Novice: 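Quick one: the structure is below, questions incoming.
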Amino acid sequence: MRVYNTLSKRKEEFVPLEPGKVTMYVCGPTVYNLIHIGNARPMIVFDTVRRYLEHKGYEVNYVSNFTDVDDKIIAKANEEGVSAQEISERYIAECKKDMEAMNVRPATTHPRATQEIDGMIEMIQTLMDKGYAYNVDGTVYFRTRKFAEYGKLSHKNLDDLRSGGRSLLVTGEDQKEDPLDFVLWKPKKEGEPFWPSPWSEGRPGWHIECSVMSKKYLGEEIDIHAGGEDLIFPHHENEIAQSECCNGKPFARYWLHNAFLNIDNRKMSKSLGNFFTVREISEKYDLQVLRFFMLSAHYRSPLNFSADLMEAAGNGLERIRNAVSNLKYIMENNSAEDAAQNADSEEAVLTAAEQEILAGAKAYETKFDEAMDDDFNTADAIAAIFELVKYANSNLTSANSKELVQAVYGELVALCGILGLIVEEKEELLDADIEALIEERQAARKAKNFARADEIRNQLAEQGITLLDTREGVKWKRA
Ligand code: AMP
Ligand code: ZN
């Protein structure tokens, strides 16, 4: 498998630090409003990367933070006359709803900046002790020029940055030793949330958050660090500087960045006002269509949002869903004899001709994997799915054995599933089934099989069923 690494500007063979395991950190949103579909792009893209890595057999530890202390959150809190915490809690909850609606799986851990302040103070202290940071009147800065490799991710030349840097100075920052130095800790202003520290009562800078949370949940050196391409500079460059100077080892091996979601060829953003929230889009479209639209382009290509492209995505998804329901119909109404009962394996019941049809279908799975192995080329992977759809439509009829149809059906649903696309019609779960699943989940939790417990929770969530852990036991409700 080859992935494009922003660090080397090349596609590289993917080799994780530990065989069979992948540690992955994705910079998450600042929670002061509903997320827009530009923010949704990295969520969908890297959720798909995670699913594909799991499909390849890796155990993925996936961490994505919520930035819950920030100027914008404080401004919004002041506007509404509530606490910053109330704002961030509210929009974390809303963000999680949107993620679930887009079939973006929850991360292994979703750390929040405000709950990791101790770790940040500790890392800043280490940087101070090592001479990489200095304190001026309660503000702590990182001494950028002391890190010789600064600029290696964004491929920026330090001298150019420095000469351009003078104009980067903003009021109140004239105390910095160098314009390129950035803030690790800043003192509180009136009405802002703050924490005690050796330097001042205040709060951390944005970049230090991710260095600390990545280290705590994944270790000092990780496999993949990802986010939107606007984060390459300065955010990820600064994260590298902090982490590598503190830990004395390389931070992340592979840096993956998605290109922008645009509108009229301009980045969709809150500040330009040219955005649609995921919530707005969900009122007009099935969010599976949004997911399909996002994955129809390669993640490193800019993608322009338009009603036409969404319509095309809707039609594409519909074509796959029609094929899936057609196969299901054939399966349930086939005229071939059910030979499976006496056979040892699936293959054994297939005639030679059917085995050939199945091999033909499997070739598209190979094609799908080849596309995904080439830097997660979801556009080509979707093309392989379409070819499989065409193949199934023209090769399978109710005269085929149930086993053959089942195998192709399973393949099609599974390939879509790797992209997080739900193509099967929802079957209503009966109350008794739900209760049986809840019981199984309780047993799994007791046996510390949390993976199975989570799987059941997700399975129920996909059917719109929420679980509530109460004192009287687990209750559930339908959405
Ligand atoms: P923010 O809340 O602005 O820090 O953004 C959260 C994530 O969304 C980051 O990874 C950003 O790079 C990404 N992002 C924001 N706007 C866009 C966009 N228009 N297209 C793609 N990614 C975006
Ligand atoms: Zn980050």
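Note that this is a predicted model, so its numbers are computed, not measured. Just so you know, ligand 1 is whichever comes first in the structure, and atom 1 is the first atom listed for that ligand.
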Novice: Looking only at heavy atoms of His36, does any of them come nearer than 4.0 Å to an atom of ligand 1?
Specialist: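 It does, in that a heavy atom of His36 comes within the 4.0 Å cut-off of ligand 1.
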
Novice: Using a 4.0 Å cutoff against the non-hydrogen atoms of Gly228, which atoms of ligand 1 qualify?
Specialist: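 Near Gly228, meaning under 4.0 Å from one of its heavy atoms, ligand 1 has 10 (O), 12 (O).
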
Novice: Answer with yes or no after comparing the ring centroid distance for Tyr91 and Tyr32 against a 6.0 Å cut-off, counting only values under it.
Specialist: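 Ring-ring flag for Tyr91/Tyr32: false, centres at least 6.0 Å apart.
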
Novice: Do any side-chain atoms of residues 229-236 form donor-acceptor pairs under 3.5 angstrom with protein atoms, and if so which ones, sequence neighbours left out?
Specialist:
residue	atom	partner	partner atom	Å
Asp230	OD2	Lys267	NZ	3.0
His235	ND1	His207	ND1	2.9
His235	NE2	Glu239	OE2	2.7
His236	ND1	His257	NE2	2.8

Novice: Would Ser306 and Asn304 count as having a side-chain donor-acceptor pair, cut-off 3.5 Å?
Specialist: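 On atom types as modelled, these side chains do not qualify, holding no pair under 3.5 Å.
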
Novice: With distance as the sole criterion, is a donor-acceptor pair present between the side chains of Gln85 and Thr114 under 3.5 Å?
Specialist: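 Result is no, nothing qualifies.
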
Novice: Could you tell me whether Leu231 approaches ligand 1 through its side chain, its backbone, both or neither, with non-hydrogen atoms closer than 4.0 Å?
Specialist: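 For Leu231, the contact with ligand 1 is made by the side chain alone.
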
Novice: Does any N/O atom on Trp206 come nearer than 3.5 Å to any N/O atom on ligand 1?
Specialist: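 No; the residue has no nitrogen or oxygen that sits under 3.5 Å from a nitrogen or oxygen of the ligand.
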
Novice: Which one holds for Asn258 and ligand 1: side chain close, backbone close, both close, or neither close, with close meaning a heavy atom under 4.0 Å?
Specialist: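 Side chain only.
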
Novice: What protein heavy atom lies closest to atom 4 (O) of ligand 1? Include the residue and the distance to one decimal.
Specialist: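 Scanning the protein heavy atoms, the shortest distance from atom 4 (O) of ligand 1 goes to Thr30 OG1, 3.9 Å.
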
Novice: Within less than 2.8 Å of the Zn ion (ligand 2), how many protein N/O/S atoms are there?
Specialist: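 Near the Zn ion (ligand 2), the number of protein N, O or S atoms below 2.8 Å is 4.
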
Novice: With no hydrogens and no angle check, just 3.5 Å: does a side-chain donor-acceptor pair link His298 and Asp380?
Specialist: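 There is no such pair between these side chains.
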
Novice: Under 3.5 Å between any N/O of Pro42 and any N/O of ligand 1: does that happen in this structure?
Specialist: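 N/O-N/O distance under 3.5 Å: no.
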
Novice: Does Phe14 have its ring centroid less than 6.0 Å away from the ring centroid of Tyr254?
Specialist: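 Here the rings of Tyr254 and Phe14 have centres that are less than 6.0 Å from each other.
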
Novice: How far is atom 23 (C) of ligand 1 from the closest protein heavy atom, and which atom is that?
Specialist: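 Sorting protein heavy atoms by distance from atom 23 (C) of ligand 1 puts Gly38 O, 3.2 Å first.
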
Novice: Using heavy atoms and a 4.0 Å limit, tell me yes or no: is Ser269 in contact with ligand 1?
Specialist: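 Heavy atoms of Ser269 never come under 4.0 Å of ligand 1.
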
Novice: Considering only protein heavy atoms, which is closest to atom 6 (C) of ligand 1, and at what distance to one decimal place?
Specialist: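 Ranked first by proximity to atom 6 (C) of ligand 1 is Asn39 ND2, 3.7 Å.
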
Novice: Determine, stepwise, if the pair Tyr141 / Phe182 fulfils ring pair (Phe, Tyr, Trp, His ring centres under 6.0 Å).
Specialist: CA-CA 5 Å; Tyr141 295 100; Phe182 57 90; 9.2 Å; no

Novice: Report, in ascending order of atom number, the atoms of ligand 1 lying under 4.0 Å from any heavy atom of Met268.
Specialist: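 What qualifies from ligand 1 is 16 (N), 18 (C), 19 (N).
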
Novice: Among protein heavy atoms, which lies nearest atom 12 (O) of ligand 1, and at what distance?
Specialist: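 Answer for atom 12 (O) of ligand 1: Asp230 OD1, 2.4 Å.
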
Novice: Please confirm whether Ala259 comes under 4.0 Å of ligand 1, counting heavy atoms of the residue only.
Specialist: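 For ligand 1, residue contact (heavy atoms, under 4.0 Å) with Ala259 is present.
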
Novice: Strictly by modelled atom types, are Thr466 and Trp476 linked by a side-chain donor-acceptor pair under 3.5 Å?
Specialist: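 Side chains of Thr466 and Trp476: no pair found under 3.5 Å.
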
Novice: Could you check atom 20 (N) of ligand 1 against the protein and tell me its nearest heavy-atom contact, residue, atom and distance included?
Specialist: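 Going atom by atom, the protein heavy atom closest to atom 20 (N) of ligand 1 ends up being Leu261 N, 2.7 Å.
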
